[in-house]
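Before any comments, here is the structure.
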Amino acid sequence: MRAHSYSLGMIETLGLPALIAAADAAAKAADVKVVTYEGADAGIVTVYVIGDVSSVQSAVDAGADAARRVGRLLHSHVIPRPDENVPKMIKNLMNSTESKQEKATEQQQAASGLAEQSIGDLRRLARSYADFPLSSQEISTAKKEDLIRLLEEKQKGGGEEKQ
């Protein structure tokens, strides 16, 4: 079981105005990212924020106070380092944050020089392209020089990354 390095904060309200006030106060109170919200039945809505532990705790406290002032706060909670399976339960939370960060990191590594990267990193980068000219099995057995050549061609000509 792996845990994420960030914290997950949740603020649940009854009604959208309280939720929007909570999200606004949370985002302004600390260095967090309001990643998504979910609506349940009967006007129950939950907003999710991520960041480091202290920032998320401050943001959730500020958001909970704002929700109480504007409407009705139902619950608030902070999970310091959630297990990797917990965010998967939340629609679009991990897809919109971590995959973008991982792709940005891979792009930065690619820009810094392919020859300096390990064969494992090159294979991971090659697999990130949806239309890479080698299959996943061929990538696993390809030589470093071949991967560098194909990756350089891919970077020059563009190419769509897997979603």
Side-chain angles (χ1 to χ4, degrees), residues 1-12 19-20 22-24 26-40 44-60 62-63 75-163:
M1 302 250 182
R2 289 182 31 198
H4 288 285
S5 58
Y6 61 83
S7 296
L8 174 66
M10 299 162 280
I11 305 168
E12 186 174 80
L19 181 82
I20 292 171
D24 181 58
K28 290 176 180 173
D31 185 24
V32 295
K33 184 174 183 177
V34 178
V35 288
T36 190
Y37 74 97
E38 283 184 325
I44 298 172
V45 284
T46 306
V47 65
Y48 300 94
V49 297
I50 60 172
D52 65 73
V53 176
S54 61
S55 296
V56 169
Q57 186 63 59
S58 297
V60 167
H75 304 281
S76 65
H77 187 67
V78 174
I79 301 174
R81 277 173 284 290
D83 182 82
E84 66 181 342
N85 293 316
V86 172
K88 292 177 184 173
M89 296 170 49
I90 304 166
K91 185 173 86 178
N92 295 332
L93 179 61
M94 294 313 301
N95 292 338
S96 64
T97 56
E98 283 201 345
S99 64
K100 288 180 183 176
Q101 290 175 347
E102 288 175 7
K103 286 181 181 179
T105 301
E106 289 175 356
Q107 293 286 329
Q108 288 175 344
Q109 288 176 346
S112 67
L114 294 171
E116 299 168 5
Q117 295 186 28
S118 70
I119 187 74
D121 289 342
L122 293 173
R123 288 180 174 143
R124 196 172 9 264
L125 181 61
R127 288 187 182 104
S128 72
Y129 286 98
D131 57 347
F132 197 74
L134 300 178
S135 69
S136 182
Q137 188 170 0
E138 291 170 329
I139 291 171
S140 297
T141 58
K143 293 180 180 177
K144 185 174 184 176
E145 301 80 33
D146 295 334
L147 287 175
I148 290 172
R149 179 179 49 81
L150 292 169
L151 285 167
E152 286 174 343
E153 289 174 9
K154 207 73 193 142
Q155 290 173 351
K156 289 178 186 171
E160 293 183 19
E161 293 183 36
K162 291 180 182 177
Q163 294 297 317

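Residues forming a salt bridge (charged side-chain N to carboxylate O under 4.0 Å, His left out) with Asp52 (at least two apart in sequence, or on another chain): none. Checked against salt bridge (charged side-chain N to carboxylate O under 4.0 Å, His left out), Lys144 has no partners two or more places apart in sequence or in another chain.
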- Item | Intermediate values then yes/no, side-chain contact (heavy atoms from CB on, under 4.5 Å), Arg81 and Val53 | CA-CA 8 Å; Arg81 277 173 284 290; Val53 176; 3.6 Å; yes

- Task: Tell me, with the steps shown, if Ser135 and Arg127 meet side-chain contact (heavy atoms from CB on, under 4.5 Å).
- Result: CA-CA 8 Å; Ser135 69; Arg127 288 187 182 104; over 6 Å; no

- Message: Assess the residue pair Leu8 and Tyr48 against the criterion (side-chain contact (heavy atoms from CB on, under 4.5 Å)); give the C-alpha distance rounded to whole Å, side-chain angles, the decisive distance to 0.1 Å, and a yes or no.
- Response: CA-CA 7 Å; Leu8 174 66; Tyr48 300 94; 4.1 Å; yes

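Contact record, Gly63 with Ala22: O-CB, 3.3 Å, taken as the closest heavy-atom pair. The heavy-atom pair separating Ile139 from Ala126 by the smallest distance is CD1-CB, 3.9 Å. Here the shortest heavy-atom pairing between Ala62 and Ala29 reads CB-CB, 3.5 Å. Taking all atoms of both residues into account, the shortest heavy-atom contact from Thr46 to Glu12 is OG1-OE2, 3.2 Å. The two atoms that bring Ala27 and Val34 nearest to each other are CB-CG2, 3.9 Å, heavy atoms only. The two residues Ala59 and Ile11 come nearest to each other via the heavy atoms O-CD1, 4.4 Å.
The closest donor-acceptor contact from the side chain of Ser7 to the backbone of Pro80 lies under 3.5 Å. With Ser55 contributing its side chain and Gly51 its backbone, the two residues share no donor-acceptor pair below 3.5 Å. Between the side chain of Glu153 and the backbone N or O of Leu150, no donor-acceptor pair lies under 3.5 Å.
Note that NZ of Lys154 is 10.5 Å distant from OG of Ser128, once rounded to the nearest 0.5 Å. Separating the CD atom in Gln117 from the CG atom in Leu147 is a distance of 10.5 Å, to the nearest 0.5 Å. Note that OH of Tyr129 is 13.5 Å distant from CG of Leu134, once rounded to the nearest 0.5 Å. Atom CG of Leu19 sits about 12.0 Å away from atom CD1 of Ile44, to the nearest 0.5 Å. Tyr37 OH to Ile20 CD1: the interatomic distance, rounded to the nearest 0.5 Å, is 8.0 Å.
A salt bridge does not link Lys143 with Asp146: every distance from a Lys NZ or Arg NE/NH1/NH2 to an Asp or Glu carboxylate oxygen is 4.0 Å or more.
With contacts defined as side-chain heavy-atom distances shorter than 4.5 Å, the pair Leu122/Leu151 qualifies. At least one side-chain heavy atom of Leu114 sits less than 4.5 Å from a side-chain heavy atom of Leu125. When side chains are defined from C-beta on, Val35 does not count as touching Val49, because their heavy atoms never get closer than 4.5 Å.
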